[in-house]
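Letters A, B, ... mirror the listed sequences (proteins, then strands); counts begin at 1.
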Amino acid sequence: MRMAISGIGISGGFGCGVAALRQALQRGVVEPRQCSVERNGATDTFPAYRTSIEGLDEFIPKRALRRIDHFSKMTLHSACLALQDAGLSGGDLSRLGVIIATGYGALKTTFDFLDSYLDFGYSCSSPTHFSNSVHNAAAAHVSMHFKTTAPSLTVTQFEMSVPSALLTAQLWLAEGRVDQVLFGTIDEYCAVLRYCRRQFFATGEQGPLQPFTFAEQSAVVGEGAAFFVLSRGEEDARYGAIDAVTLGNHAVVPLTLPHDDLLIIGADGHAECGRWYAQALTDRAVAAYAPLYGSFPAAAGFDLAVAALSQQDGLLYASPATAGAADSALQVVAARRPLGKANIACLKFGPGGDYGLIRLSR
Amino acid sequence: MSVKEKLKRVLIEDLNLEDVEPDEIDDDMALFGEGLGLDSLDAVELVVIVQKHFGVEIKDMEEGRPALQTINTLAKYIEQRLAG
């Protein structure tokens with residue numbers, strides 16, 4: 001069943017809103033912020049794509065936000081932007097389902113809660129930290145704020161969270177359980193994540209992010225939230241529609257790619273995932289936009305936003321970085337090109353050969 | 001730093017009271033309801049804050065309720081417990 005995309009709300013290292021994403025695609029460059037973490041008397045400095053949530057208090061009073069963590073604030077902000085973009089702000093949203101896809105969940109709050117437990121014991125663990133650390137907290141904040149009484153769900157399947165959650169959205173719409181789905185993808189940065197990534201990848205995360213140097217680690221950590229308003233109605237398809245969502249494992253059953261689709265690949269500088277793109281893709285027109293928002297599991301939702309925006313604009317934007325493309329047989333989209341009659345598919349590989357394929361059309 | 005000053009600072013920081021400065025919290029201002037606007041979940045956080053930052057445990061809510069009224073009552077409770 002096709003899912004029409006009628007609104008997008010997004011915030012990432014490039015800024016907030018669809019216009020900021022379009023501007024980043026047009027410019028082709030977003031510089032990551034230099035961040036630092038103090039640990040054991042040493043300073044670790046590294047690039048990261050961080051997200052600002054300035055403007056959230058235009059939708060929700062500051063006082064109502066004081067118990068809400070950064071993860072849920074990012075969620076609420078992009079959810080508000082998506083509903084505004086779809087023209088649904090202020091209406092009856094009781095039959096709006098809420099689905100959030102995240103690879104890591106509310107990382108910072110979870111670690112803050114664990115720290116409070118380890119440092120001060122059971123009796124001094126913050127109840128607010130605890131309540132925000134549970135995975136469905138952000139979706140619950142969204143449901144409560146918009147007074148939606150339809151189902152609210154958070155799906156976590158690491159790199160495959162986005163396609164996996166989209167399948168649920170499709171099911172809810174097909175069953176008529178909801179009239180629309182507010183579908184969000186989100187991950188956040190935190191210092192513990194940086195510590196872990198440094199242990200795993202050493203200096204491999206200093207950038208620049210080169211999505212097509214498949215064999216090398218060049219990821220730059222990112223964070224952000226991308227939300228979509230999905231429905232059954234073709235008349236709502238301002239950004240086109242999602243035709244099909246497929247999950248599989250290339251090592252078990254090799255991926256069969258749709259013949260003519262232009263591919264947006266989720267290659268984000270992770271060598272472990274990159275090798276699967278190198279294996280599965282030959283002689284195809286592909287683009288990758290991770291250098292505009294960084295590396296995190298929910299970035300598959302950002303690829304989806306780029307695809308939706310491309311459908312609205314009738315063109316595929318140039319890949320921001322093309323280094324390494326010459327080593328493969330791929331035809332990397334180096335300059336913007338009209339879509340013509342071509343459709344777009346977003347392909348994301350996980351480290352073990354798991355893949356998610358999302359096909360879109362106008 | 002006095003107990004009252006420290007209390008005001010940790011309240012603002014741990015309860016995330018944006019747009020509130022320590023000198024805006026009057027020593028006799030009600031912490032809950034019309035005063036500072038705290039609620040029942042904040043009361044639980046307050047018990048945690050007092051134990052974490054001052055090492056004083058509020059075990060009994062019958063005893064804690066009168067202490068959790070204002071900065072003055074809470075500071076007095078903490079000082080009494082610390083003294084003896």
Side-chain angles (χ1 to χ4, degrees), chain A residues 38 51-77 80 106-134 136-138 140-141 143-145 188-191, chain B residues 3 6-26 29-65 67-68 71 74-75 77-82:
Chain A
E38 304 283 336
T51 301
S52 162
I53 44 171
E54 275 175 34
L56 176 57
D57 53 0
E58 289 171 21
F59 298 101
I60 302 169
K62 264 187 179 175
R63 182 161 277 213
L65 293 168
R66 79 179 170 87
R67 284 211 191 95
I68 297 179
D69 64 1
H70 179 63
F71 184 81
S72 291
K73 281 179 183 169
M74 279 201 294
T75 302
L76 277 165
H77 191 208
C80 290
L107 268 191
K108 184 175 184 307
T109 307
T110 301
F111 286 120
D112 283 348
F113 174 70
L114 290 174
D115 281 345
S116 73
Y117 182 83
L118 292 170
D119 291 342
F120 302 104
Y122 166 75
S123 60
C124 285
S125 306
S126 162
T128 308
H129 280 157
F130 172 71
S131 61
N132 275 306
S133 71
V134 296
N136 209 43
H141 284 305
S143 294
M144 285 188 290
H145 178 69
E188 72 170 338
Y189 158 85
C190 79
Chain B
V3 170
K6 188 175 172 184
L7 253 179
K8 290 176 187 177
R9 285 186 188 282
V10 296
L11 277 183
I12 289 168
E13 198 169 310
D14 287 20
L15 297 181
N16 199 18
L17 302 173
E18 285 187 35
D19 302 331
V20 179
E21 295 296 326
D23 55 12
E24 290 172 336
I25 305 176
D26 189 85
M29 176 193 283
L31 297 177
F32 296 87
E34 290 294 306
L36 199 55
L38 305 187
D39 59 23
S40 57
L41 186 56
D42 292 313
V44 183
E45 287 283 5
L46 258 176
V47 171
V48 171
I49 286 168
V50 168
Q51 184 167 347
K52 194 162 84 178
H53 293 280
F54 299 93
V56 171
E57 202 172 348
I58 304 174
K59 285 182 182 169
D60 179 358
M61 280 313 286
E62 286 304 310
E63 176 188 280
R65 193 169 288 117
L68 296 174
I71 291 291
L74 191 52
Y77 179 86
I78 292 168
E79 284 163 346
Q80 282 174 347
R81 287 303 184 95
L82 290 175

CG of B/Asn16 to CG of A/Leu65, rounded to nearest 0.5 Å, is 9.0 Å
So CD1 of B/Ile49 and OG of A/Ser126: to nearest 0.5 Å the spacing works out to 8.5 Å
Count the heavy atoms of every other residue, nucleotide or ligand shown that sit under 6.0 Å from [atom1] of [X], and state whether that count exceeds 12.
X: A/Glu54; atom1: CD; value: no
X: A/Phe130; atom1: CZ; value: no
X: A/Tyr117; atom1: OH; value: no
X: B/Glu24; atom1: CD; value: yes
X: B/Glu62; atom1: CD; value: no
X: A/Lys108; atom1: NZ; value: no

Applying a strict 4.5 Å limit to non-hydrogen atoms, the region of B/Leu15 in contact with chain A is both
Under 4.5 Å to a heavy atom of chain A? For B/Asp19 that would be side chain
side-chain contact (heavy atoms from CB on, under 4.5 Å) for B/Asp42 and A/Arg66? Distances and angles first, verdict last.
CA-CA 11 Å; B/Asp42 292 313; A/Arg66 79 179 170 87; 2.5 Å; yes
The interface call for A/Ser125 against chain B, heavy-atom contacts under 4.5 Å, is backbone
Heaviest contributor of heavy-atom pairs below 4.5 Å to chain A, chosen from B/Val44, B/Asp39, B/Val47, is B/Asp39
Problem set entry | Close side-chain approach of B/Val48 and A/His129, heavy atoms under 4.5 Å | no
